[in-house]
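All remarks here apply to the structure that follows.
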Amino acid sequence: MATTSLQFWKPGTQGPGSSLDRATESEEIIVHAPNLSALGIQAQRERLPIFKHREKLLYCIEEYGVVIVVGETGCGKTTQLPQYLYEAGWAPPGSVIACTQPRRVAATSVASRVANEVGTILGDEVGYIIRFEDVSDKDKTRICYMTDGMLFRETMIDPLLSRYSVVMIDEAHERSIYTDLLLGILKKIRRKRPALRIIVSSATLDAQGLLDYFNSNTALSNNIPPLEQKPEAVIVSLEGRMFPVEIAYLDEPTSDYVRQAVKTIWATHLQQKAPGDILVFLTGREEIERCLSELSELLPDLPKGYPQLHPLPLHAGLSTDEQLMVFEPTPRDVRKVVISTNIAEASVTIEGIKYVIDCGFVKIRTYNPSSALSSLTTVPVSRASATQRAGRAGRTAPGICYRLYTASTAQSLPPSTSPEITRTDLATPILQLKALGVDDLMKFEWVTGPPAESVLRALEHLVAAGMIGADGRLTPSGEKVAECPVEVSIARMLFSSRDYKCGEEVLTISAMVAVQDVFIIPEGAPGALAELERRKFTAEEGPLNDTQDHLTLLNAYNAFVRYGRSSSWCKNHALSFRAMSRAVSIRAQLKKYMVRFGLPFDSCQGDSKRLRQCLASGYWRNGARWVMDGSYRSVRDDKVFHVHPNSVMFNRKPKSGWVVFHEIEETKKTHMRIITEIEPDW
DNA sequence: GAGCACTGC
């Protein structure tokens with residue numbers, strides 16, 4: 001197979017930012033800067049598309065409570081808008097402009113860029129706050145970038161967010177759970193503190209929905225003064241900066257989009273003479289590896305005179321080193337092909353991409369409240385996602401996006417991905433809302449209401465766990481657990497560690513289960529090596545050598561610390577250095593909460609029975625018993641569960657016949673992850 | 001006898 005002819009229908013140019021309108025270079029540049037490098041920065045700032053809208057934005061923020069800013073990524077809103085506000089005097093001493101991001105890297109990298117533009121050291125006038133890292137100054141910081149989760153947490157300490165004059169919720173179209181919770185809280189705060197200004201920044205599609213949300217007034221009660229006649233919220237549209245991206249569809253649907261992706265990569269490489277790298281969106285690791293292997297079979301057939309093709313995988317399971325390879329600049333005679341999961345849709349930006357190939361699917365986690373199980377399923381992408389994926393081709397020059405589905409399929413795609421709050425376990429969010437004084441969940445103004453069944457299921461869980469009393473209010477232990485940055489079952493485990501005298505070990509286990517992907521699966525030899533290494537921790541490391549996943553995690557952690565937290569040690573034992581280091585941070589943070597709640601740090605001194613009893617007390621809802629065919633039945637409703645192949649319990653019969661597990665994941669089968677054997681009479 | 005979208009506190 002040498003060349004493949006592609007039958008693509010091209011309906012003409014469309015896609016993000018088809019207008020190529022950028023700020024003209026002839027505009028007068030006003031410079032207040034004292035030196036040349038600052039002059040360069042100032043000129044750059046004024047060339048951004050958002051600069052033309054500066055006065056309009058400032059006027060709207062002065063006049064309206066809520067400004068919904070719509071613009072493509074790259075138009076400068078994240079970096080410029082907080083600076084405009086700062087320059088216009090919105091952050092006098094004692095008040096701060098907050099800008100929230102759904103991801104940690106975004107908060108840190110944007111803060112550092114803005115600090116540079118402002119001409120200040122990061123952490124002085126411009127800072128950031130993410131979990132484990134507060135690079136801000138209580139007195140000096142005027143612009144603060146932060147993760148939305150951190151600002152939500154701050155509302156638990158300061159319910160009116162009184163130190164902020166303006167809160168900008170960035171990337172609101174992603175509808176992360178904390179974005180939704182924050183929008184609800186902010187709408188409430190605005191009633192009590194009208195001086196607060198809110199900016200919601202979003203990509204196009206749902207701007208009208210957000211406008212209606214803020215302009216509706218359903219929860220108005222008698223003791224709150226009526227709002228002014230003028231609408232609460234207004235939309236400001238910014239022009240995009242992105243280059244046009246031509247969209248091409250398949251004429252006929254494909255039954256195997258991985259193979260179609262390989263064909264399309266090959267044809268693009270041979271037919272498109274213009275240099276530029278290729279980015280392919282697939283749904284998961286397995287597909288990426290198949291795509292890579294099928295592509296490598298074609299490589300020897302590359303005709304003479306063509307540039308080389310350099311394929312690279314990109315997904316979250318890779319080590320940092322492997323991930324960094326996709327950013328290496330391409331030599332002149334090589335074309336890079338990055339074959340990626342959804343991580344490249346928003347989290348990771350690779351420069352130099354000119355061609356995007358989109359399989360049209362994504363893996364999404366969905367919580368089913370009636371079964372209390374969450375499952376990972378492959379579903380068609382939304383139109384918003386497809387637009388975002390296509391936009392990855394137009395960051396530095398005009399590009400092309402090949403969609404591996406038909407134009408009519410494209411029209412039937414849902415407009416946007418359902419908000420996270422509609423497909424997640426609400427136990428923790430509801431506990432936190434209760435801690436914020438939202439007692440009546442039906443009156444809380446959700447941007448999108450979660451399914452009633454999810455709310456009921458979460459309330460039932462919280463009542464059973466003793467976090468909420470019969471009156472619907474938080475119990476004293478509920479108030480404490482609401483503060484803890486862990487799930488309800490883990491918090492219970494930490495609290496009962498006092499009775500079982502194993503605080504030290506439970507603390508470590510709590511940190512380790514909070515980190516995913518501790519054990520690395522090496523490229524090529526799926527599972528085998530990792531399993532070998534994992535078994536070392538179960539059998540050879542440490543005194544607690546039962547075959548239990550929780551104890552294996554404990555042993556791995558202790559060994560990591562004992563061998564000096566070294567990254568090369570991790571590499572040799574198929575452990576993720578990133579994950580292990582994160583566990584160290586989480587453990588330190590949880591330790592502070594234990595100190596605050598007066599929980600002792602006893603060690604069980606190798607008495608694994610006490611430790612396992614303590615685990616059982618936390619995972620009291622997650623029990624299962626072994627049955628003859630090697631599967632398990634859940635204690636709660638007799639469902640069929642299987643042991644996850646990553647578990648050290650995989651294909652071993654528990655002596656007692658009973659286990660508790662950390663979580664259930666439903667993919668092709670229903671798997672219990674992180675398992676510990678218990679005695680039935682516990 | 002066989003598997004791992006992505007975030008966040």
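Residue numbers begin at 1 in each chain, while the letters A, B, ... track the order of the sequences.
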Which nucleotide sits closest to the side chain of [X]: [options]?
X      : options             : value
A/Y178 : B/dG8, B/dA2, B/dC6 : B/dG8
A/K669 : B/dC9, B/dA2, B/dC6 : B/dA2
A/R285 : B/dA5, B/dC6, B/dC9 : B/dA5
A/F650 : B/dA5, B/dT7, B/dA2 : B/dA2
A/R153 : B/dG8, B/dA5, B/dC9 : B/dC9

Margin query: Ignoring hydrogens and geometry beyond distance, is a side-chain donor-acceptor pair present between A/E420 and A/T424 at under 3.5 Å?
Written below: no

Check: For A/E479, what residues pass the side chain to side chain contact (heavy atoms under 4.5 Å, CB included) criterion, not counting sequence neighbours?
Finding: A/L474

Check every strand shown and say whether [X] touches a base, only sugar-phosphate, or nothing at a heavy-atom separation below 4.0 Å.
X      : result
A/T667 : sugar-phosphate
A/T341 : sugar-phosphate
A/R103 : sugar-phosphate
A/I343 : sugar-phosphate

Grab the [atom1]-[atom2] distance between [X] and [N] for me, whole Å please.
X      : N     : atom1 : atom2 : result
A/K668 : B/dA2 : NZ    : C1'   : 10 Å
A/D425 : B/dC9 : CG    : C1'   : 15 Å
A/H671 : B/dA5 : NE2   : P     : 13 Å
A/R582 : B/dT7 : CZ    : C1'   : 10 Å
A/E663 : B/dA5 : CD    : C1'   : 14 Å
A/L318 : B/dC6 : CG    : P     : 9 Å
A/L151 : B/dG8 : CG    : C1'   : 13 Å
A/I490 : B/dC9 : CD1   : P     : 18 Å

Next item on the list: Please determine if A/R163 and A/E154 form a salt bridge, counting it only when a charged side-chain N lies under 4.0 Å from a carboxylate O.
Entry: yes

OP1 or OP2 of [N] under 4.0 Å from side-chain N/O of [X]:
X      : N     : value
A/K363 : B/dC6 : no
A/R104 : B/dC9 : yes
A/T147 : B/dT7 : no

Note to self: Are A/Y619 and A/H662 an aromatic pair, judged by ring center distance below 6.0 Å?
What the structure shows: yes

Margin query: Using the salt bridge (Lys or Arg N to Asp or Glu O under 4.0 Å) criterion, which residues pair with A/R582? Sequence neighbours excluded.
Written below: none

